[in-house]
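Residues: numbered from 1 along the sequence shown.
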Amino acid sequence: MNTMTLNVTDIEAIERATIAAVSPDLTEELDGWLLPFAGGTVKRARSAVPLHRSAVDHATLDRIEDRYDSRQVVPALRLADAPCFDGLRAELERRHYIGDSPTCVQIGSVQRMRQVVAPGDALADVDRAPDDAWSALFLGEGFDPVDGAHRVRMLSRAKGTLYASVREGGRTLAAGAMAFGHGWASVHGMRTDQAQRGRGLAGRVLAGLAQAASARGFERVFLQVDAHNHPALSLYRRAGFETHWKYSYWQRQQWP
């Protein structure tokens, strides 16, 4: 059961904060949508997203497609699994879009997130800029190095973002980032060295970020997680996060 109630203003704030955190090359606004433009593999940085929960007419979809087509970018939408978008999803299917990558938008509190580790446990170090070891973790064994490089680039250039690291023996074994904007703190880029999983390192990252957020006067926090990533979902549940909605990415298929 969701214990935190969100209104339409909260939804818009979360969507704006999400785009800002991944720092696309350009963002336009059109008919109550944000249209980010970026190269690379980070879908949030190149998928149009509505700032509302209301039905969308075909003319709006036409205009969104025109903006992406004009930049020679394949149109893509990040669409919440809300009933108001049923008609839009049917139209997307008619236009040969395919939806994939179901993702949970989860909401929590900074206070509860801080309690994911026991009192006295060491928290992750939190820095104002990522160092080489933080970046290297995204390129390590078990991660897609191309995707990792794109995520490091986008997270590294977002204004005001903080970077958490759990360090041992001169190496960073777990990492994450936290952005701030539109009244929310948000967690991004959670990574743990493949050989170090199961040691509670990701919890230390969350707790370190929570302490940093609290020091800046933030209490509300959100994150987005692959709906099939059960270990991450379990961690976030222990940290007090609850799913408030899910979304999928819809991309127009290109034919030979």
### Query
Salt-bridged, R197 to D193, with N to O below 4.0 Å?
no

### Message
A quick test of your reading: do over 12 heavy atoms of other residues, nucleotides or ligands sit less than 6.0 Å from CD of E141?
### Response
no

### Query
Do W184 and F218 come within less than 4.5 Å of each other through their side chains, counting heavy atoms only?
no

### Query
Okay, side chain of S23, backbone of A20: is any donor-acceptor separation there less than 3.5 Å?
no

### Query
Heavy-atom distance under 4.5 Å between the side chains of R114 and L123, does that happen here?
yes

## Note on the structure
Output for pair (H182 NE2, F222 CZ), nearest 0.5 Å, gives 9.0 Å

#### Entry: Polar contact flag, side-chain donor to acceptor under 3.5 angstrom, S214-Q111
no

### Message
Closer than 3.5 angstrom, by distance alone: can the side chain of R112 be matched with the main-chain N or O of R238 as a donor-acceptor pair?
### Response
yes

### Atom pair CH2/NE2 of W33 and H52 - distance to nearest 0.5 Å
6.0 Å

### Query
Mind checking whether E12 and T9 have side chains closer than 4.5 Å, heavy atoms only?
no

#### Entry: Heavy-atom closest pair, residues V126 and A212
CG1-CB, 4.1 Å

#### Entry: Between S186 and H188: side-chain donor-acceptor atoms closer than 3.5 Å
yes

### Message
Is any side-chain heavy atom of L235 closer than 4.5 Å to one of L206?
### Response
yes

### Query
Are E15 and R78 ion-paired here, with the side-chain N under 4.0 Å from a carboxylate O?
yes

### Task
Would you please classify the geometry between the F241 ring and the Y236 ring as parallel, tilted or perpendicular, with 30° and 60° separating the classes?
perpendicular

### Message
Are V166 and L137 connected into the same hydrophobic cluster when the rule is that any two of I, L, V, M, F, W, Y join if their side-chain heavy atoms are below 4.5 Å apart?
### Response
no

### Query
Do Q224 and Y247 meet the criterion of a side-chain donor-acceptor pair at a distance under 3.5 Å?
yes

### Query
Is a salt bridge present between R204 and D125, judged by a nitrogen-to-oxygen distance below 4.0 Å?
no

### Query
Are F138 and F143 near enough that their ring centres are under 6.0 Å apart?
no

### Pairing of D86 and R89 as salt bridge, 4.0 angstrom limit
yes

### Over 12 non-hydrogen atoms of neighbours within 6.0 angstrom of CZ in R157
yes

### Message
Between Q253 and Q251 (side chain of the first, backbone of the second, donor and acceptor by atom type, cut-off under 3.5 Å), is there such a pair?
### Response
yes

#### Entry: Exercise: identify the closest heavy-atom pair between A164 and V205
CB-CG1, 3.9 Å

### Task
Please answer: with hydrophobic residues joined when any side-chain heavy atoms are less than 4.5 Å apart, are L79 and V73 in the same cluster?
yes

### Message
Assess the residue pair E65 and R95 against the criterion (salt bridge (Lys or Arg N to Asp or Glu O under 4.0 Å)); give the C-alpha distance rounded to whole Å, side-chain angles, the decisive distance to 0.1 Å, and a yes or no.
### Response
CA-CA 11 Å; E65 288 185 325; R95 297 190 188 195; 2.8 Å; yes

### Query
So, R199 versus Q196: side-chain donor-acceptor pair below 3.5 Å or not?
yes

### Query
Is V42 reachable from F37 through a run of I, L, V, M, F, W or Y residues, each pair having side-chain heavy atoms under 4.5 Å apart?
no

#### Entry: Heavy-atom closest pair, residues Y68 and V74
CD2-O, 4.4 Å

### For the student: nearest non-hydrogen atoms of L162 and L209, plus distance
O-CD2, 4.4 Å

#### Entry: Pair T60-L88, side-chain contact (heavy atoms from CB on, under 4.5 Å): steps then yes or no
CA-CA 10 Å; T60 294; L88 178 56; over 6 Å; no

### Task
Search all heavy atoms of S156 against all heavy atoms of W134 and return the closest pair with its distance.
OG-CZ3, 4.5 Å

### Task
Determine whether the side chains of D132 and S135 contain a donor N or O and an acceptor N or O closer than 3.5 Å.
no

### Task
Given salt bridge (Lys or Arg N to Asp or Glu O under 4.0 Å), test K43 with D100 step by step and report yes or no.
CA-CA 11 Å; K43 292 181 179 180; D100 64 9; 3.4 Å; yes

### R53/D81 ion pair, N-O < 4.0 Å
no

### Task
Please tell me if the side chains of D69 and P75 come closer than 4.5 Å, counting only heavy atoms from C-beta onward.
yes

### Query
Going by atom types only, do Q106 and T243 share a side-chain donor-acceptor pair under 3.5 Å?
yes

### Query
Looking at side-chain heavy atoms only, is the closest gap between L223 and M113 below 4.5 Å?
no

### Message
Would you compute the distance between atom CZ of R220 and atom CD1 of I14 and round it to the nearest 0.5 angstrom?
### Response
7.0 Å

### Query
Going by atom types only, do T103 and K246 share a side-chain donor-acceptor pair under 3.5 Å?
no

### Polar side-chain atom of Y163 near backbone of L155 as donor-acceptor pair, under 3.5 Å
yes

### Query
Closest approach of P145 and L139, non-hydrogen atoms and distance?
O-CD2, 3.5 Å

### Query
Ion pair present between R71 and E28, side-chain N to carboxylate O less than 4.0 angstrom?
yes

### Query
Hey, any chance V116 and L201 share a hydrophobic cluster, counting ILVMFWY side chains that come within less than 4.5 Å of each other, even indirectly?
yes

### Task
State, with a plain yes or no, whether a side-chain heavy atom of V56 is found less than 4.5 Å away from one of F85.
yes

### Message
Counting C-beta onward and ignoring hydrogens, is there a side-chain heavy-atom pair between D144 and T41 closer than 4.5 Å?
### Response
no

### Query
To the nearest 0.5 Å, how far apart are CG in L173 and CZ in R167?
10.5 Å

### Message
I need the E29 CD to L35 CG distance, nearest 0.5 Å.
### Response
9.5 Å

### Task
For the pair V22 and R151, evaluate side-chain contact (heavy atoms from CB on, under 4.5 Å) and give the outcome as yes or no after the intermediate values.
CA-CA 8 Å; V22 294; R151 292 182 186 278; over 6 Å; no

### Message
Can you confirm whether more than 12 heavy atoms, excluding those of N7, are under 6.0 Å from its CG atom?
### Response
yes

### Query
Using 4.0 Å as the upper bound for N to carboxylate O, is an ion pair formed by R46 and D25?
no

#### Entry: Same apolar cluster: V110 and M178, side chain cutoff 4.5 Å
yes

### Query
With no hydrogens and no angle check, is any side-chain donor or acceptor of D127 less than 3.5 Å from a backbone partner on P130?
no

#### Entry: Inter-residue atom distance D31.CG - I64.CD1, 0.5 Å rounding
7.0 Å

